[in-house]
S.K.: 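Here it is, the structure in full.
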Amino acid sequence: RIWASWTGGRVSCAALRCAVRKGDTRIMDLNDSTSLAELMASYQPSDTGYRVPKDGWRICLAHEFKEKRTPLQAKNVSLSDIVKHIGLGLRYLKWWYKKTQVEKKAPFIDMFRALPLRQIYGAPLGGIGGGTITRGWKGEFCRWQLNPGMYHYKTVIADQFTVCLRRDSRTIYQQVLSTEHPHTMQGWNWGYCGEYAFYHALYPRAWSVYHLPGQNVTLTCRQVSPVIPHDYKDSSLPVAVFVWDIENKNDYALDVSIMFTMVNGSGHKDDKSGGHWNEPFNLEKEGESVSGVLLHHCTPVNPYTLCLAARKQSDREISYQTAFSPEGTCSALWSDLINNGRLDSPKGPSPPTQKGEKVAAALAVGCSVAAQGHNCVEFSLVWDMPKMTFGSREKEHMRRYTRYYGTNGDAGPSLSHYALTHYKDWEKSIEEWQRPILEDSALPSWYKSALFNELYFVVDGGTVWVELPEDCDVSGGLRPQEGGLPAQPPIIKEYGRFAYLEGQEYRMYNTYDVHFYASFALIMLWPKLALSLQYDIAGSVVQHDPTERMNLMTGRCSAVKTQNVVPHDIGDPDDEPWTRANAYQIYDTADWKDLNLKFVLQVYRDYHLTQDTQYLQDMWPICQAVMEAELKFDKDGDGLIENSGYADQTYDGWTVTGPSAYCGGLWIASVCVMCKMAQLLKRDSVYERYRDILERGSAAFDKLLWNGKYYNYDSSGRSLSNSIMSDQCAGYWFLRASGLGNGELQVSSGTLFIRSALKSVFDFNVMSFGGGQMGAVNGMRPEGVPDRSSIQSDEVWVGVVYGLAATMIHEVSTEEGLHTAEGCYRTVWERAGMAFQTPEAYCEKGIYRSLGYMRPLSIWAMQLALDKTGQSYRPRQPSNSLDTVAQ
């Protein structure tokens, strides 16, 4: 084993602290919280890195989270709930066994294999819809979603960056920039002291700052992904760039090499399936040249190519090792770099691997750094899987980026070239987008971090973005003249199809009751994708799938998809999304009360923000159809729908009976926007009809649910029907986000009721729960204790809290809205170690449910509310006018 000559071996962090920074005072800006200060408490140097921004999520690599949470398990459920759901449990067990052991498929929700909490994740790499690779905050490559919608949680230890420092042609320091001490690759110098490094994330960029103990050198690795609002080309690219800024604070020059190593694969068992091979490449065009290594991963299903690359420059030296085994000591590669700061660079491809073998590649870039000087080196990482199939293998889909880079699977060099020559433009666009928010001194730092970092899920939600096939008909067979859609709506044809999972554990695409909350991120940042998704849902509404299947909750059978009902989801990635909808099998969601209403509310909200009148006209007949279907739930004809005595809405574990605050409020809001759309489209008779329903329904809503302070959970008269629901104003929230809620189309008895309800929620659900520092619990009793009548009523749903906070900003005060949301951010990101895996839910103590969830994207509704109460949100205006399309 050859070690760098600077110490002759490993030294402890304690010794380094004493030798290197003895007596130092800490000068880092720790922003605005005690819990954030704790994340950085172990950091010893005063280095703040090279141009690292102030705002974002920051953590020392030596930090250990004190709070350890576990996933919801049967032992956490009350005996009464267990007895109530014993039939569901038995039916699910039988179904689960058949799915996993007979069909060899993954269940859409695996109740027996909930993900354990790993407090390791950082910002994911890549653009939208091309697959993702997540790099942890300690630098590890640890979460993979290359097969669409299917996650693989494996840290590949050989995927690393290593630094080599040379002075006067002699290596003085060589270190893997990892705090790990693996049992393999023992020929390398592992165990970097995490107290001398920190990680900082402000998505879609992240920074890793390493102070090299005893060397007076600081490295800052800036990770850049092309996630750019209103960009529908570069944002689709499966690529990331790593820019290494090197600061030499010595009085002598250094030669510095950074080596990037990567295994051909993702740590999956198919890494050893054989037939994988690597090859070097060089591509020169437009006066720029890039070199690197291609790693061809030749699996029978969804093959792909990884590509490591660097840009050639006169003062940079690029070298590589085409293939090495990541098993054993790997001493040869280590010695190769330590000898002269470069790698051998053999010509020609490597032979294909034999079954049972793994192969990896290495790329090194070296440069000189003057005394008291700065220099940088750049790497790109590409994963090229242009064609993909879902679990059924029935159809082949072309990812969005193939429109620009082809479907042959040979785009790695071109993508690398483009990334390395355009990433500065990406950063300029990102900075221009983020600057107004980051420079707003009225906004707290935690909010700026939450707003941008929660956006990770747009990319890392099992997301797919594919081209619409030439022969695809999204209309469901109902043409415009019959009240349907075009076979290929122009917006889908031009911008492709978009889908993201309900959650990394809850594997259903475009789960619509949850997308209702998350959709604010899309409509504000990528509105064409939001509208494309809506057209897909609209096409599914008119479809009917009469296939009978058993609902796990009741044991009764029903049709998979009922006509004129919004689907729960568009399918399971382990099946065939878009072809077979409604992977969710616990209830028959055709009887749910919220799905149709959420479609109508989103249609008008989207129109309000985009002013796309063609979209409004296309959606109008679908809105009429789903509202007609919804009217059957008004059993007594008073203008207000009733829930059916079970959990028939997004809170699918919380029973609700009769008129309810949540679904009743959504209904009144939907009737309100139907009136508004009828006015805009000059449908006078429709307007008069819904205006009548609005007046009668609003009166019934107030009469049956208002108790003088807030809206009761439901009107059943049960002992817990007067619980305070945090989400009781969801319908009104959407009205305010859509520019309605006041004036002619008044909802309920006015804003006084809404403000009183929000005050009750703030006083009880927020301030009387978790010391007022954990967000808002879903249900609270007027006695001041959580409603524990169900497993969901005493949970905090992060996405619901962000939506509640937005409502407070619209209607009550920015201060209360921000305080409400802050509790969730502090809990998830700073205390529980759930960064970049925000869960659907957590309880006051110890428990979480469903990591990596869609709903928290609703934080962008807060930004919309802030824009509306301050400077107005100004979307791009289409040229078409309602006056020309109204009939």
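Numbers for residues simply follow the sequence, beginning at 1. Keep in mind that the numbers below use all heavy atoms, side chains included, and drop hydrogens, waters and symmetry copies.
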S.K.: Look only at the side chain of Q145 and the backbone of T134, and say whether a donor-acceptor pair between them is shorter than 3.5 Å.
M.R.: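 It does not hold such a pair.
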S.K.: Is a side-chain donor or acceptor of Q223 paired with a backbone partner of A123 at a separation under 3.5 angstrom?
M.R.: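 Pair found, side chain donor or acceptor close to backbone of A123.
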S.K.: Between W277 and H296, is the ring centre distance below 6.0 Å?
M.R.: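 Aromatic pair counts; centres sit under 6.0 Å.
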S.K.: Indicate the atoms forming the closest heavy-atom contact of G126 with P226, along with that distance.
M.R.: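 Shortest heavy-atom contact: C-CD, 4.2 Å.
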S.K.: Could you tell me whether E317 and K312 have a side-chain N and a carboxylate O separated by less than 4.0 Å?
M.R.: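 Answer for the salt bridge query: no.
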S.K.: Just verifying a value: how many Å separate T155 OG1 and I120 CD1, rounded to the nearest 0.5 Å?
M.R.: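 Going from OG1 on T155 over to CD1 on I120, the span is 4.5 Å.
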S.K.: Between the side chain of S225 and the main-chain N/O of V227, is any donor-acceptor distance below 3.5 Å?
M.R.: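 No.
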S.K.: So, do Y500 and Y509 have ring centers that fall under 6.0 Å from each other?
M.R.: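 No; Y509 has its ring centre 6.0 Å or more from that of Y500.
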S.K.: Checking the side chain of T463 only, and the main-chain atoms of G461 only, is there a donor and an acceptor separated by less than 3.5 Å?
M.R.: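 Yes; at least one donor-acceptor contact below 3.5 Å.
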S.K.: Rounded to the nearest 0.5 Å, what separation is found between the CZ atom of R403 and the OH atom of Y401?
M.R.: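 Separation between the atoms: 14.5 Å.
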S.K.: Could K233 and Y404 be counted as a cation-pi pair, given that NZ or CZ must be under 6.0 Å from the ring centre and within 45° of the axis?
M.R.: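 Flagged: K233 positioned over aromatic ring of Y404.
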S.K.: Please answer whether the main-chain N or O of Y252 pairs with a side-chain N or O of N250 as donor and acceptor at a distance below 3.5 Å.
M.R.: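 No, N250 side chain to Y252 backbone: no donor-acceptor pair under 3.5 Å.
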S.K.: Going by atom types only, do S289 and N282 share a side-chain donor-acceptor pair under 3.5 Å?
M.R.: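 Their side chains do contain a donor-acceptor pair, which is all the 3.5 Å distance test asks for.
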S.K.: Quick check: closest heavy atoms across A370 and N248, and the distance to 0.1 Å?
M.R.: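 For A370 and N248, the tightest heavy-atom pair comes out as O-ND2, 3.2 Å.
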S.K.: Among side-chain atoms of T838 and E454, is any donor-acceptor pair under 3.5 angstrom?
M.R.: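 There is such a pair between these side chains.
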S.K.: Can you tell me how far apart CG (D234) and CH2 (W426) are? Round to the nearest 0.5 Å.
M.R.: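 Rounded to the nearest 0.5 Å, the CG-CH2 separation comes out at 6.0 Å.
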S.K.: Locate the shortest heavy-atom distance separating T389 from E396; write the atom from each residue and the value.
M.R.: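 For T389 and E396, the tightest heavy-atom pair comes out as CG2-CA, 4.1 Å.
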S.K.: Keeping R316 on the side-chain end and C376 on the backbone end, is there a donor-acceptor pair under 3.5 Å?
M.R.: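 Answer holds: yes.
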S.K.: Which pair of non-hydrogen atoms, one from F390 and one from P148, has the smallest distance, and what is that distance?
M.R.: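 Result for this residue pair: CE2-CB, 3.7 Å.
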S.K.: Is a side-chain N or O of T322 found less than 3.5 angstrom from the main chain of E279, in a donor-acceptor match?
M.R.: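 Not at all, since once roles are kept as given, no pair shorter than 3.5 Å links the two residues.
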S.K.: Can you confirm whether the side chains of D271 and N264 place a donor and an acceptor under 3.5 Å from each other?
M.R.: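 There is no such pair between these side chains.
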S.K.: Do the ring centers of W57 and F452 come within less than 6.0 Å of each other?
M.R.: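 Ring centroids of W57 and F452 are no less than 6.0 Å from each other.
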S.K.: For residues P346 and P280, report the shortest heavy-atom separation together with the two atoms involved.
M.R.: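 For P346 and P280, the tightest heavy-atom pair comes out as O-CG, 4.2 Å.
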S.K.: Would you give the length of the straight line joining atom CZ of F198 to atom OG of S208, rounded to the nearest 0.5 angstrom?
M.R.: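 Answer rounded to 0.5 Å: 9.0 Å.
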S.K.: Taking E180 first and then K138, would you say they form a salt bridge - that is, a charged N and a carboxylate O separated by under 4.0 Å?
M.R.: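 Salt bridge: no.
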S.K.: Looking only at atom types and distance, does a side-chain atom of D574 sit under 3.5 Å from a main-chain N or O of K105, one as donor and one as acceptor?
M.R.: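 No; judged by distance alone, with no hydrogens or angles, the pair does not exist.
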S.K.: Assign the ring pair F260 / F141 to parallel, tilted or perpendicular, where the plane angle (0 to 90°) is split at 30° and 60°.
M.R.: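 Plane angle under 30°, so parallel.
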S.K.: Classify the angle between the aromatic ring planes of W188 and W190 as parallel (below 30°), tilted (30 to 60°) or perpendicular (above 60°).
M.R.: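 The arrangement is parallel - the two ring planes meet at less than 30°.
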S.K.: Going by ring pair (Phe, Tyr, Trp, His ring centres under 6.0 Å), F836 matches just one of Y456, F457, Y121. Which one?
M.R.: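 It is Y456; the other options fail the test.
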S.K.: Which atom pair, heavy atoms only, marks the closest approach of V365 to A310?
M.R.: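 Reported closest heavy-atom pair: CG2-CB, 3.5 Å.
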S.K.: Do R400's NZ or CZ and the ring of Y232 fall within the cation-pi criteria of under 6.0 Å and 45°?
M.R.: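 The answer is no; the distance or angle limit is not met.
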S.K.: Can a donor-acceptor pair be found, under 3.5 Å and without considering hydrogens, that links the side chain of Y151 to the backbone of G462?
M.R.: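 Side chain of Y151 to backbone of G462: a pair is present.
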S.K.: What I want to check is whether the side chains of D255 and S368 have a donor and an acceptor closer together than 3.5 Å.
M.R.: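 Distance-only check passes for D255 and S368.
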S.K.: Measuring from W334:CH2 to T162:OG1, what's the distance to the nearest 0.5 Å?
M.R.: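 These two atoms lie 5.0 Å from each other.
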S.K.: When rounded to the nearest 0.5 angstrom, what is the spacing between CH2 in W383 and OG1 in T132?
M.R.: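 Rounded to the nearest 0.5 Å, the CH2-OG1 separation comes out at 7.5 Å.
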S.K.: Quick one about H297 and D270 (side-chain donor to acceptor, distance below 3.5 Å, no hydrogens or angles considered), yes or no?
M.R.: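 Side-chain D/A pair, D270 to H297: present.
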S.K.: By the definition side chain to side chain contact (heavy atoms under 4.5 Å, CB included), identify the one residue from L333, V176, D336 that meets it with M259.
M.R.: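 Only one of L333, V176, D336 forms a side chain to side chain contact (heavy atoms under 4.5 Å, CB included) with M259, namely L333.
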S.K.: Strictly distance-based, threshold 3.5 Å: is any side-chain N or O of D384 a donor or acceptor partner for the main-chain N or O of T305?
M.R.: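 No, the answer is negative, given that no donor and acceptor are paired below the 3.5 Å cut-off.
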